[in-house]
Amino acid sequence: MTITSPHLGSPAGWTDARLLYALEEVVEKELNRHLTVAKDWMPHEYVPWTDGRNFPGIFEDGEAWGKEQSKVTEIGRIALIVNLLTEDNLPSYHHEIASLFGRDGAWGTWVHRWTAEEGRHGIVMRDYLLTSRAVDPDKLEQFRMSHMSEGFESDNRHSMLHSIAYVAFQELATRISHRNTGHQSGDPVCDRMLSRIATDENLHMVFYRNLLKAAFELAPDLTMQAVRDVVVNFRMPGHGIPGFERAAAQMAIGEVYNMRIHHDDVLQPVLRFLKIMEIDGLGPEGLRAQEELGLFMGGLDSEALKFDEKLAARKARMAARAGG
């Protein structure tokens with residue numbers, strides 16, 4: 001590595017600036033790997049343009065929006081709005097990571113490449129939603145203005161290690177949310193579009209996950225504490241969206257994203273890859289964080305089991321009503 005320390009696990013040996021410098025080689029390696037596997041794609045190729053027609057406004061022949069005009073299911077519509085409004089805050093996300101990681105060298109190249117790739121997601125989702133008439137365009141724009149006017153401040157902006165840990169989980173969470181939204185949307189066109197977006201999100205997750213692994217090799221105690229903090233306090237980046245809590249509850253019931261999915265499909269895969277509970281050589285703070293992380297995951301699994309039981313009971317009641 002670029003920087004050596006008499007005791008890599010010592011918190012006193014590492015600052016954000018030194019860690020950024022030490023991880024530069026890893027960032028360059030991961031960036032080059034990413035560029036060899038990432039495929040450029042055209043947002044306009046995923047939009048059913050021939051389904052589009054004018055809305056009221058400057059077009060006198062415009063047709064007002066109505067729910068019945070769309071193929072998308074109700075849970076699909078709810079999740080699509082949340083997912084798009086989350087993507088809309090890209091300027092704030094870019095500001096956050098550019099401020100933390102810098103705009104120079106491999107870090108800066110990655111920041112700009114990531115932003116450019118993420119930009120496609122908002123473009124194609126909005127074009128699809130408006131063309132297919134999946135959402136009320138007036139309300140969507142009102143939500144966008146409200147959400148973006150609030151901006152975004154990461155819970156982890158105080159620390160680059162916390163930020164790396166967060167995005168390693170968050171990119172996977174976003175991938176899972178997009179894929180499940182596509183599956184639940186009721187529209188094969190929507191499913192294909194969100195599958196394409198999810199592929200990008202997975203590659204972004206791999207970049208940050210591998211970077212997090214390298215951080216463990218450099219500063220295991222600090223990185224373990226960062227992972228513990230992020231996992232215990234995790235929130236999706238769209239938590240500030242108007243009506244987010246109600247939408248999140250509906251998405252949980254609709255099996256787009258819920259506690260079980262979060263535990264099994266987001267947290268566990270990253271933690272398994274890192275072999276988080278097998279890391280040894282930790283100091284007292286690192287060991288405490290590792291133990292607390294294990295306890296938290298056990299508790300989350302128990303809570304997810306309770307949710308599973310409630311969801312199964314709800315499905316049984318609905319099936320009984322439908323049969324009666």
Side-chain angles (χ1 to χ4, degrees), residues 27 30-31 33-43 45-47 76 78-94 96-97 101 110-129 152 154 156 163-185 189-213 230-231 234-239 241 244 247-248 251 255-258 261-274:
V27 172
E30 289 301 315
L31 172 62
R33 181 198 54 76
H34 177 84
L35 293 175
T36 63
V37 296
K39 291 181 173 61
D40 279 339
W41 55 280
M42 303 298 130
E45 294 179 355
Y46 289 81
V47 180
I78 291 166
L80 279 162
I81 292 171
V82 169
N83 291 352
L84 174 56
L85 292 176
T86 300
E87 299 285 357
D88 275 335
N89 249 340
L90 181 60
S92 288
Y93 308 149
H94 174 85
E96 290 274 338
I97 65 170
F101 300 155
W110 166 253
V111 166
H112 296 308
R113 173 72 189 198
W114 175 87
T115 303
E117 291 183 3
E118 288 285 342
R120 290 186 179 127
H121 303 168
I123 292 169
V124 71
M125 288 178 69
R126 176 166 282 100
D127 286 346
Y128 166 81
L129 289 174
F152 172 81
S154 170
N156 304 288
S163 296
I164 291 172
Y166 176 73
V167 288
F169 294 103
Q170 177 264 315
E171 292 283 4
L172 183 53
T174 304
R175 171 188 179 266
I176 296 297
S177 180
H178 283 312
R179 284 303 290 124
N180 288 343
T181 299
H183 294 331
Q184 300 285 357
S185 69
V189 175
C190 179
D191 196 17
R192 286 195 296 272
M193 173 193 67
L194 291 176
S195 176
R196 177 59 260 186
I197 292 174
T199 299
D200 282 0
E201 303 289 10
N202 196 62
L203 290 177
H204 297 164
M205 178 277 292
V206 170
F207 178 94
Y208 288 120
R209 183 196 65 184
N210 292 351
L211 196 55
L212 187 58
K213 182 179 180 181
V230 164
V231 169
F234 185 87
R235 296 195 296 175
M236 290 293 272
H239 60 80
I241 291 170
F244 177 78
M251 290 167 67
E255 297 182 87
V256 171
Y257 199 95
N258 57 38
I261 292 168
H262 183 61
H263 178 276
D264 290 0
D265 300 336
V266 177
L267 298 183
Q268 284 284 32
V270 176
L271 296 176
R272 277 197 304 267
F273 174 84
L274 296 170

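- In this structure, Tyr128 has no ring-ring contact (aromatic ring centres under 6.0 Å, His included) partners at least two apart in sequence or on a different chain.
- When all heavy atoms are compared, the tightest approach of Ala247 to Ile78 is CB-CG2, 3.9 Å.
- Note that CG of Leu35 and CD of Glu30 are 11.0 Å apart. Values are rounded to the nearest 0.5 Å.
- Using cut-offs of 30° and 60° on the angle between ring planes, the pair Trp110 and His204 is perpendicular.
- Both the sub-6.0 Å distance and the 45° axial angle are not jointly satisfied by Arg196 relative to the ring of Tyr46.
- Taking CD1 of Ile164 as the start and CG of Asn210 as the end, the distance is 12.0 Å to the nearest 0.5 Å.
- Using a distance-only test at 3.5 Å, with no hydrogens or angles considered, no donor-acceptor pair links the side chain of Ser177 to the main chain of Ala173.
- Residues Phe244 and Gly238 come closest through the heavy atom pair CD1-O, 3.2 Å.
- Once rounded to the nearest 0.5 Å, the distance linking CZ of Arg179 with CD of Glu201 reads 12.5 Å.
- Put simply, the side chain of Ile176 reaches to within 4.5 Å of the side chain of Leu172, judged on heavy atoms.
- Separating the CD atom in Glu171 from the CG atom in Asp200 is a distance of 9.5 Å, to the nearest 0.5 Å.
- Checked by atom type and distance alone, the side chain of Thr86 pairs as donor or acceptor with a backbone atom of Val82 at under 3.5 Å.
- What you find for Ala198 and Arg175 is that their closest heavy atoms are O-CG, 3.5 Å.
- With hydrogens and angles ignored, the 3.5 Å screen pairs a side-chain donor or acceptor of Ser185 with a backbone N or O of Gly182.
- Between the Tyr257 side chain and the Thr181 main chain, no donor and acceptor come within less than 3.5 Å of each other.
- The residues Asp40 and Arg113 are annotated as salt-bridged, a charged nitrogen and a carboxylate oxygen being separated by less than 4.0 angstrom.
- With values rounded to the nearest 0.5 angstrom, Glu87 atom CD is found 6.5 Å from Ile197 atom CD1.
- Side-chain contact between Cys190 and Met193 is present, with heavy atoms from C-beta onward closer than 4.5 Å.
- Ile261 approaches Asn180 most closely through the heavy-atom pair CD1-ND2, 3.8 Å.
- Residues Gln170 and Thr174 bring a donor and an acceptor atom of their side chains to less than 3.5 Å of each other.
- For an aromatic pair to be called close, the ring centres must be under 6.0 Å apart, and Tyr208 with Phe169 fails this.
- Summarising the geometry of Val230 relative to Ala165, their closest heavy-atom pair is CG2-CB, 3.9 Å, with the distance given to 0.1 Å.
- At least one donor-acceptor pair closer than 3.5 Å links the side chain of Arg120 to the backbone N or O of Trp41.
- Side-chain contact between Met251 and Asn258 is absent, with no heavy-atom pair separated by less than 4.5 Å.
- Closest approach of Asn83 to Met125, counting heavy atoms only: CB-CE, 3.6 Å.
- Of the inter-residue distances, the one linking His178 atom NE2 with Leu80 atom CG reads 9.0 Å to the nearest 0.5 angstrom.
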side-chain contact (heavy atoms from CB on, under 4.5 Å) between Arg33 and Val206, worked out: CA-CA 10 Å; Arg33 181 198 54 76; Val206 170; 3.5 Å; yes

